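Please read all numbers here as calculations on a predicted model, not as lab measurements.
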Amino acid sequence: MNRVVITGMGVIAPNGNGLDAFVANTLAGKVGIKKISKFDAHDTGITVAGEIDDFDPRAVVGKKAARRMDLYSQYAVQTAAEAVEMAGINADNTNPEEMGVIYGSGIGGLTTIQEQVIKMHDKGPRRVSPLFVPMAISNMAAGNIAIRFDAQNICSSVTTACATGTNAIGEAYRQIQDGRATVMIAGGAEASVNEIGISGFAALSALSTSTDPQAASLPFDRDRNGFVLGEGAGTLVLESLEHAQHRGARILGEVVGYGATGDAYHITAPDPEGKGAARAMQQAIAEAGIQPQAVDYINAHGTATHANDSGESLAINKVFGPDNQVLVSSTKGMTGHLLGAAGAIEAVITVAALKRGQLPQNVGCFHQDPECNINLVSEDNQAAPESQYALSNSFGFGGHNAVLAFRKWG
């Protein structure tokens, strides 16, 4: 089995465009949720979202290439470019046949779908764009990344709702671990802050109806009333330890475990007993070769819905015991919920937190729900220079549970 390390990371998130900005703002507790400006959301009853408002596709993706991509693919390519540049991967040090891509999206090109359905309705089927299908399909972020960086090994896409980014990274880890690839570009992207995205989740009564961006996403708070929809992307470059050391790469962290289970319970609700979530955490811990008490931090899924936060808290206590000391935070109080990209940006902040010895606070919890009996990260306990191991949890509609275990490097 090959050891797998992280040598590059890239992010675009509501509270930071680029890795440095995202990490600095998240560790400082900066909320990136804001009033919806992309469209008039009045009739949806929802007023805030985790919008990206400082993105120019011409800067990295390129004007010509961007015209052939939905926004979610543009986000993916930009963050992949940042991660690959950071890793220093190029044709001189990496065989393209040994580099692959596993990248996902919960929904895919929803903006393109919305625009083209309206065009077909208003102007007829012959006016639908010939690029509609390749822009809309949810595997095309992976395809565009592979084309951009000449990655000729496996090129695959994962779609497991809100567990997508975590599953994609976990499956990429498996490729390297098993010797099928040497380098993998992995992550998730989402761009669903539009009329149909907001309207669809609002119809499920899943979204927060708060009008205050600073108090809309409330993970583990007794007054939480739904998640805030966000958008963006996160990308990791994974590499075999041997390959990374041979080329003198700077190592950011190590992936040491991956757990994936299914609830087999309900299409949208998690198992209220948290059994599947607990098993996924146990799998990741077991593969890491450690005991639960060795885990210092959990980046929780923590969507700020009643069912998720209560069930995840129960699952954590199943795994770690009722009197555990593990610190927990959800960063969705700052970013909103990026659906298929959530696990990817949360993997990035988890790796960065271990590297820096500083954990992200659980922003948005003003009155902790007694049902969520876990140890939340606050300003008082976020300094964690001795932390060595962390988990990143993601759970999705359909009962998908995915957990990654990371180890601090050095």
Side-chain angles (χ1 to χ4, degrees), residues 13-15 31-39 41-51 106-107 110 161-164 190-232 263 265-272 274 277 299-315 328-343 345-346 362-372 374 376 393-400:
N15 67 336
V31 175
I33 295 165
K34 49 192 76 78
K35 295 286 186 181
I36 295 172
S37 63
K38 290 191 169 187
F39 66 97
H42 179 268
D43 289 343
T44 69
I46 306 300
T47 60
V48 300
E51 283 190 358
I107 300 177
L110 193 59
C162 305
T164 293
E190 207 76 77
S192 301
V193 179
N194 53 34
E195 291 94 324
I196 191 62
I198 294 286
S199 298
F201 282 110
L204 276 174
S205 300
L207 296 181
S208 170
T209 55
S210 173
T211 59
D212 181 358
Q214 299 293 316
S217 181
L218 308 174
F220 305 111
D221 190 275
R222 71 185 183 194
D223 297 321
R224 64 192 184 278
N225 67 349
F227 71 84
V228 172
L229 191 61
E231 61 179 350
D263 284 349
Y265 175 74
H266 190 270
I267 60 171
T268 57
D271 179 349
N299 187 288
H301 189 54
T303 58
T305 62
H306 181 81
N308 174 88
D309 292 7
S310 299
E312 185 171 12
S313 299
L314 185 60
V328 180
S329 67
S330 167
T331 45
K332 291 183 176 70
M334 293 175 271
T335 65
H337 188 0
L338 274 64
L339 308 180
I345 69 164
E346 288 156 14
N362 191 90
V363 172
C365 186
F366 302 99
H367 305 284
Q368 188 169 346
D369 189 338
E371 289 187 11
C372 303
I374 52 178
L376 295 178
N393 292 349
S394 294
F395 313 125
F397 281 3
H400 307 288

>> Going by ring pair (Phe, Tyr, Trp, His ring centres under 6.0 Å), name the residues that satisfy it together with Phe227, two or more places apart in sequence or in a different chain.
In response: Phe201, His337

> Pro270 and Tyr265: which non-hydrogen atoms are nearest, and at how many Å?
Replying inline: O-CE2, 3.4 Å

>> Rounded to the nearest 0.5 Å, what separates atom CG in Asn299 from atom CG in Asn362?
In response: 9.5 Å

> Just wondering, do Thr268 and Phe397 contact through their side chains at under 4.5 Å, heavy atoms?
Replying inline: yes

> From Cys365 SG over to Asp223 CG, what is the distance, rounded to the nearest 0.5 angstrom?
Replying inline: 9.5 Å

>> Looking at every heavy atom in both Ile36 and Ile198, which two are closest together, and how far apart are they?
In response: CD1-CD1, 4.2 Å

> Between Glu371 and Ser310, is there a donor-acceptor pair closer than 3.5 Å when you use the side chain of the first and the backbone of the second?
Replying inline: no

> What residues form a side chain to side chain donor-acceptor pair (under 3.5 Å) with Asp263, not counting sequence neighbours?
Replying inline: Asn401

>> Lys38: which residues meet the side chain to side chain donor-acceptor pair (under 3.5 Å) condition with it, sequence neighbours left out?
In response: Glu231

>> Checking the side chain of Thr164 only, and the main-chain atoms of Ala161 only, is there a donor and an acceptor separated by less than 3.5 Å?
In response: yes

>> Restricting to side chain to side chain donor-acceptor pair (under 3.5 Å), what partner residues turn up for Thr211, sequence neighbours left out?
In response: none

>> With heavy-atom distances below 4.5 Å as the criterion, would you say the side chains of Ile46 and Thr209 are in contact?
In response: yes

> With distance as the sole test, does Arg224 use its side chain to make a donor-acceptor pair with the main-chain N or O of Pro219 at under 3.5 Å?
Replying inline: no

>> Is any side-chain heavy atom of Asp309 closer than 4.5 Å to one of Asp369?
In response: no

>> Tell me whether Glu51 contacts the main-chain N or O of Ser37 through its side chain, where contact means a donor paired with an acceptor under 3.5 Å.
In response: yes

>> Under a 3.5 Å distance rule, please check whether His301 uses its side chain to pair with a backbone N or O of Phe395 as donor and acceptor.
In response: yes

>> Which heavy atom of Ile107 sits nearest to which heavy atom of Ser192, and what is that distance?
In response: CD1-OG, 3.6 Å

>> Determine whether a donor-acceptor pair (N or O, by modelled atom type, separation under 3.5 Å) exists between the side chain of Glu190 and the backbone of Gly340.
In response: yes

>> Quick check: closest heavy atoms across Phe39 and Asn194, and the distance to 0.1 Å?
In response: CE2-C, 3.5 Å

>> Please tell me whether Asn225 and Ser208 have a donor and an acceptor in their side chains that are separated by less than 3.5 angstrom.
In response: yes

>> Rounded to the nearest 0.5 Å, what separates atom OG in Ser330 from atom CZ in Phe220?
In response: 6.0 Å

> Mind checking whether Lys332 and Val228 have side chains closer than 4.5 Å, heavy atoms only?
Replying inline: no

> Any sub-3.5 Å donor-acceptor pair from Thr47's side-chain atoms to Ser210's backbone N or O?
Replying inline: yes

>> Let me confirm one number: the OG1-CD1 distance from Thr331 to Ile345, rounded to the nearest 0.5 Å.
In response: 6.0 Å

>> Tell me the closest heavy-atom pair linking Glu346 and Ser394, and the distance in Å.
In response: OE1-OG, 4.4 Å

> Do Ile374 and Gln368 come within less than 4.5 Å of each other through their side chains, counting heavy atoms only?
Replying inline: yes

>> Using the side-chain contact (heavy atoms from CB on, under 4.5 Å) criterion, which residues pair with Ala203? Sequence neighbours excluded.
In response: none

> With Ala315, which residues qualify under side-chain contact (heavy atoms from CB on, under 4.5 Å), at least two apart?
Replying inline: Ala277, Ala278, Met281

> Less than 4.5 Å apart, any side-chain heavy atom of Leu229 and any of Leu339?
Replying inline: yes

> What is the minimum heavy-atom distance between Leu338 and Pro14, and which atoms define it?
Replying inline: CD1-CD, 4.0 Å

